[in-house]
Amino acid sequence: MKNTFVITIDGPSSSGKSTIAKLVAAHYKYTYIDSGSIYRAITFLANENKLLNSKEINVNFLINLLENNSISFFNNSKNQNIITLNDVDIEDEIRTSIISNHVSRVAQIDRIRNYVFEIQKKISKDKSIVMDGRDIGSVVFPDADVKFYIDASLKVRAKRRWNDLIVNEKNISLNDVTNDLFNRDKIDVNRKISPLVVPHDSIKINTDNFTIDQVVHKMIKLIDKKIKK
Ligand code: DC
């Protein structure tokens, strides 16, 4: 008998899905997995090795780097999954705008997606999870128990992201952030492999006019119904 429960949350950048996913996971005491952080960690590794400077990323070199370095998660004292590279916490390093600006390029490489797919499956094995990303309900867990698609307008998402970035990057403009999000959306939606789609059996929520708490409350009500079935 299956005694684990899988909740997937997909959506575009800065739609609020990670914040929401963490709260939903905490409510049910499930493991939260941020799949974007794996693509970000790979992009960080590529950047450290100067692979992002060229127009075409040297995929063989990057795969070789992945074979010789270890990307994994550890569970900290607050029960959060922290992403590490060779056992060093890189949570802050993967959230800078340089990584954000290049991560979609890395995430469209099919061999990288296969690599991430394996990590995603391995870390979720025999666990009840909440995983967020772009292709979680469509490709990684097509048979998930509950699937959500969290959306928000480009304007609202850009403002949210700018508010986050301005704390550490004083010169960043709202216009730059809007353009960056627009470009990332374009790559995420149009890439050939596992593009960002609304999974056909997902529950779609637009967060423009709702607080995080309102959205989480609504999701919990829907999930509870599924759990009771
Ligand atoms: O959610 P995020 O912004 O941290 O994701 C970073 C990038 O990773 C995003 O631009 C697209 C990519 N990504 C993906 O292609 N598939 C996923 N499941 C998660 C993220």
Side-chain angles (χ1 to χ4, degrees), residues 6-22 24-25 32-47 52 57 59 62 66 71 73 80-83 85 90-124 129-142 144 147-152 154 156-165 176-199 202 207:
V6 174
I7 300 168
T8 65
I9 304 184
D10 290 297
S13 299
S14 306
S15 54
K17 61 184 187 309
S18 311
T19 311
I20 289 164
K22 277 181 206 150
V24 171
Y32 165 62
I33 301 161
D34 170 3
S35 69
S37 70
I38 311 170
Y39 290 101
R40 286 174 179 273
I42 297 170
T43 309
F44 175 75
L45 182 63
N47 190 41
L52 302 181
I57 294 173
V59 180
L62 183 52
L66 289 172
I71 291 173
F73 288 96
Q80 295 162 333
N81 265 333
I82 303 296
I83 192 130
L85 175 63
I90 52 165
E91 277 292 333
D92 290 340
E93 288 78 357
I94 62 169
R95 314 271 166 206
T96 60
S97 50
I98 169 114
I99 302 302
S100 299
N101 291 345
H102 289 274
V103 61
S104 292
R105 284 174 70 202
V106 171
Q108 65 182 338
I109 303 167
D110 56 351
R111 287 165 73 194
I112 296 296
R113 296 206 77 83
N114 294 340
Y115 173 89
V116 175
F117 183 88
E118 295 305 325
I119 299 186
Q120 287 164 327
K121 287 289 180 183
K122 204 166 121 194
I123 55 179
S124 332
I129 58 151
V130 178
M131 190 182 289
D132 71 353
R134 305 295 187 286
D135 60 341
I136 309 305
S138 56
V139 175
V140 184
F141 290 103
K147 300 180 188 180
F148 291 98
Y149 187 88
I150 303 293
D151 209 352
L154 179 63
V156 168
R157 290 187 289 125
K159 190 75 204 301
R160 286 178 187 159
R161 179 124 191 89
W162 181 79
N163 280 336
D164 286 345
L165 288 174
D176 285 348
V177 175
T178 308
N179 288 336
D180 164 40
L181 278 183
F182 179 81
N183 289 330
R184 283 169 66 191
D185 286 354
K186 212 160 83 182
I187 300 179
D188 289 347
V189 169
N190 293 314
R191 69 170 171 242
K192 284 202 191 79
I193 318 129
S194 317
L196 170 65
V197 290
V198 182
S202 62
T207 63

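In listed order, ligands and their atoms are each counted from 1. Only this structure's heavy atoms are used, side chains among them; waters, hydrogens and symmetry mates stay out.
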Heavy-atom donor-acceptor pair, Glu91 side chain to Ile83 backbone, under 3.5 Å: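 The answer is yes, because a donor-acceptor pair under 3.5 Å joins these two groups.
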
Test item: Asn183 side-chain N/O and Asn179 main-chain N/O as donor-acceptor pair under 3.5 Å: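 Side chain of Asn183 to backbone of Asn179: a pair is present.
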
Near [X], which atoms of ligand 1 are under 4.0 Å from a heavy atom of that residue?
X	value
Gly36	4 (O), 5 (O), 19 (C), 20 (C)
Gly133	17 (C), 18 (N), 19 (C)
Ala107	12 (C), 15 (O)
Arg191	14 (C), 15 (O), 16 (N)
Ile136	18 (N)
Lys17	1 (O)

Row check, Phe117 ring normal vs Lys122 NZ/CZ: under 6.0 Å, within 45°: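 Pair Lys122/Phe117 does not count as cation-pi.
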
Any N or O on [X] sitting closer than 3.5 Å to an N or O of ligand 1?
X	answer
Ser104	yes
Arg134	yes
Tyr39	no
Asp34	no
Asp135	yes

side-chain contact (heavy atoms from CB on, under 4.5 Å) partner of Ile150, the single match among Asp10, Ile20, Thr19: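 Of all the options given, the one that passes is Ile20.
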
Is [X] touching ligand 1 with its side chain, its backbone, both, or neither, if touching means heavy atoms under 4.0 Å apart?
X	answer
His102	neither
Asp132	neither
Gln108	neither
Asp188	side chain
Arg184	side chain

Without hydrogens or angle criteria, can the side chains of [X] and [Y] be said to hold a donor-acceptor pair below 3.5 Å?
X	Y	result
Asp151	Ser15	no
Arg160	Ser13	no
Ser100	Arg40	yes
Arg134	Ser104	no

Closest approach of any protein heavy atom to [atom], naming residue and atom:
atom	result
atom 19 (C) of ligand 1	Ser35 OG, 3.3 Å
atom 16 (N) of ligand 1	Arg113 NH2, 2.9 Å
atom 4 (O) of ligand 1	Arg40 NE, 2.7 Å

Carboxylate-amine/guanidinium proximity below 4.0 Å for Asp34 and Arg95: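 Arg95 and Asp34: salt-bridged.
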
Salt bridge present between Arg113 and Asp135 (N-O < 4.0 angstrom):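 A salt bridge links Arg113 with Asp135.
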
Enclosure of Lys186 NZ (heavy-atom neighbours >12, cutoff 6.0 Å):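 Incorrect, the count does not exceed 12.
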
Any Ser124 side-chain heavy atom under 4.5 Å of Phe141 side chain: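 Sidechains of Phe141 and Ser124: in contact.
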
